[in-house]
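Scroll down for the structure; my scribbles are underneath it.
All values derive from a computational prediction rather than experimental measurement.
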Amino acid sequence: SRCALCGQRGQSDLDLCAGCEGDLPRNDHCCEHCAVPLSRELARPALCGACLQHPPAFDACVAPFRYAFPADRMIQGLKYRRELYYGRILGQLLARYVAHRDTRPELVIPVPLAMARYRERGFNQARELARPLCKSLGLRLRSDLVERRRETREQAGLERQERLKNTRDAFALIAPLPVRHVAIVDDVVTTGSTVNEVAKLLRGAGAEWIEVWAAARA
């Protein structure tokens with residue numbers, strides 16, 4: 001294999017060389033609930049101020065990398081330049097990270113795209129991450145349970161309050177939720193407004209434990 005970032009020889013099970021994998025910005029010091037990066041000086045377990053005041057609808061968030069170079073380049077290449085191999089690589093890295101968790105979700109649900117944006121891109125970046133992840137861990141992937149019931153503006157570039165308003169009541173459940181433990185997959189979590197709306201929907205449908213899995217956290 002070849003490294004997707006530098007073109008040198010990749011690893012046997014990953015299209016990244018060991019050096020470029022080591023350059024990925026690890027999110028080791030983060031909020032235990034929403035995974036937002038925190039100061040290294042804080043003792044663990046640590047919660048951010050936002051989670052202390054207004055806990056999100058999901059129970060845990062896993063994001064192995066910070067949204068910084070070169071992880072941001074990989075995510076942008078996937079979303080905006082159709083470099084789909086980054087979806088496979090990030091999905092494999094995320095699978096490695098969540099493989100050591102105590103429990104496994106019964107179902108993995110990628111954050112859905114609006115139909116117009118799906119037609120424009122031709123793919124859903126969250127699903128491109130979820131597919132190799134589920135294949136690696138033997139998890140069940142369902143893309144047909146949740147849909148965006150209205151078009152929303154592109155979240156990139158919006159302020160926090162605009163993001164919250166943009167995603168409010170944007171999702172709908174189109175089939176009964178058959179399980180109680182689910183993981184929502186997205187490429188990057190910024191304010192958490194999108195995944196929180198999906199989590200609220202799944203909570204109302206009977207989910208008892210909801211995790212968010214993302215490649216990176218802003």
What distance separates Leu47 CG from Leu38 CG, expressed to the nearest 0.5 Å? 8.5 Å
Could you list the residues that satisfy side-chain hydrogen bond (donor to acceptor under 3.5 Å, both in side chains) with Asp23, not counting sequence neighbours? none
With the 4.5 Å side-chain cut-off for hydrophobic clustering, are Val212 and Val62 part of the same group? no
Please name the pair of heavy atoms, one in Arg149 and one in Ala172, separated by the smallest distance, quoted to 0.1 Å. CD-CB, 3.9 Å
Would Tyr85 and Leu90 show up in the same hydrophobic cluster when neighbours are defined by side-chain heavy atoms closer than 4.5 Å? yes
Donor-acceptor contact present, side-chain Asp15 to main-chain Ala4, <3.5 Å: no
What pair of heavy atoms forms the shortest contact from Arg180 to Gly206, and how long is it? CD-O, 2.8 Å
Indicate yes or no: at least one non-hydrogen side-chain atom of Cys20 is less than 4.5 angstrom from one of Pro70. no
Validation: residues 132-142 side-chain donor-acceptor distances under 3.5 Å, sequence neighbours left out:
from: Arg142; atom 1: NE; to: Asp144; atom 2: OD1; distance (Å): 2.6
from: Arg142; atom 1: NH2; to: Asp144; atom 2: OD1; distance (Å): 3.3
from: Arg142; atom 1: NH2; to: Asp144; atom 2: OD2; distance (Å): 3.4

Arg203 (side chain) donor-acceptor with Glu208 (main chain) under 3.5 angstrom: yes
Just so I know, are the side chains of Pro25 and Phe69 near enough to count as touching, which here means a heavy-atom distance under 4.5 Å? no
Which pair of non-hydrogen atoms, one from Leu24 and one from Met74, has the smallest distance, and what is that distance? CD2-SD, 3.8 Å
Which heavy atom of Ser1 sits nearest a heavy atom of Gln11, and at what distance? OG-O, 2.7 Å
Quick check: is Trp213 connected to Leu202 through a chain of hydrophobic side chains (ILVMFWY, heavy atoms under 4.5 Å apart)? no
Quick one: pull up CH2 in Trp209 and NE2 in His181 and give me the separation to the nearest 0.5 Å. 7.5 Å
side-chain hydrogen bond (donor to acceptor under 3.5 Å, both in side chains) with Tyr97: which residues, sequence neighbours excluded? none
Heavy-atom closest contact (Thr191 atom, Ser193 atom, distance): OG1-OG, 3.1 Å
Let me check something: any side-chain donor-acceptor pairs from residues 122-129 under 3.5 Å, sequence neighbours excluded? List them with distances.
from: Asn124; atom 1: OD1; to: Ala126; atom 2: N; distance (Å): 3.0
from: Asn124; atom 1: ND2; to: Val111; atom 2: O; distance (Å): 3.0
from: Gln125; atom 1: OE1; to: Arg121; atom 2: NH1; distance (Å): 2.7
from: Arg127; atom 1: NE; to: Ser143; atom 2: OG; distance (Å): 3.0

With a 4.0 Å cut-off, would you call Arg117 and Glu120 a salt bridge? no
Hey, are the side chains of Pro64 and Asp28 touching, using non-hydrogen atoms and a 4.5 Å cut-off? no
With sequence neighbours excluded, tell me which residues meet side-chain hydrogen bond (donor to acceptor under 3.5 Å, both in side chains) with Glu106. none
Any side-chain heavy atom of Arg148 within less than 4.5 Å of one from Thr194? yes
How long is the gap from NE2 on His33 to SG on Cys61, to the nearest 0.5 Å? 9.0 Å
Supply the atom-to-atom distance Asn27 CG to Phe65 CZ, rounded to the nearest 0.5 angstrom. 9.5 Å
From Arg131 CZ over to Leu84 CG, what is the distance, rounded to the nearest 0.5 angstrom? 9.0 Å
Spell out, yes or no, whether Val179 and Val185 are grouped together once hydrophobic residues are joined by side-chain heavy atoms under 4.5 Å, including indirect joins. no
Could you tell me if the side chain of Asp186 sits less than 4.5 Å from the side chain of Pro110, heavy atoms only? no
Please check: side-chain N/O of Glu83 versus main-chain N/O of Leu78, any donor-acceptor pairing under 3.5 Å? no
Decide yes or no on side chain to side chain contact (heavy atoms under 4.5 Å, CB included) for Val198 and Phe58, but give the supporting numbers first. CA-CA 9 Å; Val198 177; Phe58 51 84; over 6 Å; no
Tightest non-hydrogen contact, residues Ala215 and Leu94, listed as N-CD2, 4.3 Å
Summary of salt bridge (charged side-chain N to carboxylate O under 4.0 Å, His left out) pairs that have at least one residue in residues 63-73, sequence neighbours excluded: none
Checking salt bridge (charged side-chain N to carboxylate O under 4.0 Å, His left out) for the pair Lys200/Asp169: CA distance, chi angles, key distance, verdict? CA-CA 10 Å; Lys200 287 193 292 186; Asp169 299 323; over 6 Å; no
Side chains of Arg2 and Gln8, heavy atoms from C-beta outward: is any pair under 4.5 Å? no
Common cluster, Ile89/Tyr67, ILVMFWY with side-chain heavy-atom separation under 4.5 Å: yes
Flag if over 12 foreign heavy atoms under 6.0 Å of CZ, Arg26: yes
Applying side chain to side chain contact (heavy atoms under 4.5 Å, CB included) to Leu93 and Leu16, what does each step give before you reach the verdict? CA-CA 10 Å; Leu93 290 170; Leu16 284 181; 4.1 Å; yes
Check: Gln92 side chain, Leu14 main-chain N or O, donor-acceptor pair, under 3.5 Å: no
Using 0.5 Å steps for rounding, measure from the SG atom of Cys30 to the CZ atom of Arg217. 9.0 Å
Criterion side chain to side chain contact (heavy atoms under 4.5 Å, CB included) against Glu211, the qualifying member of Ile184, Thr103, Val182: Thr103
Where do Leu113 and Arg119 land on the side chain to side chain contact (heavy atoms under 4.5 Å, CB included) test, with the steps shown first? CA-CA 9 Å; Leu113 280 181; Arg119 291 194 186 103; over 6 Å; no
Could you tell me whether the side chain of Leu5 reaches within less than 4.5 Å of the side chain of Tyr86, counting heavy atoms only? yes
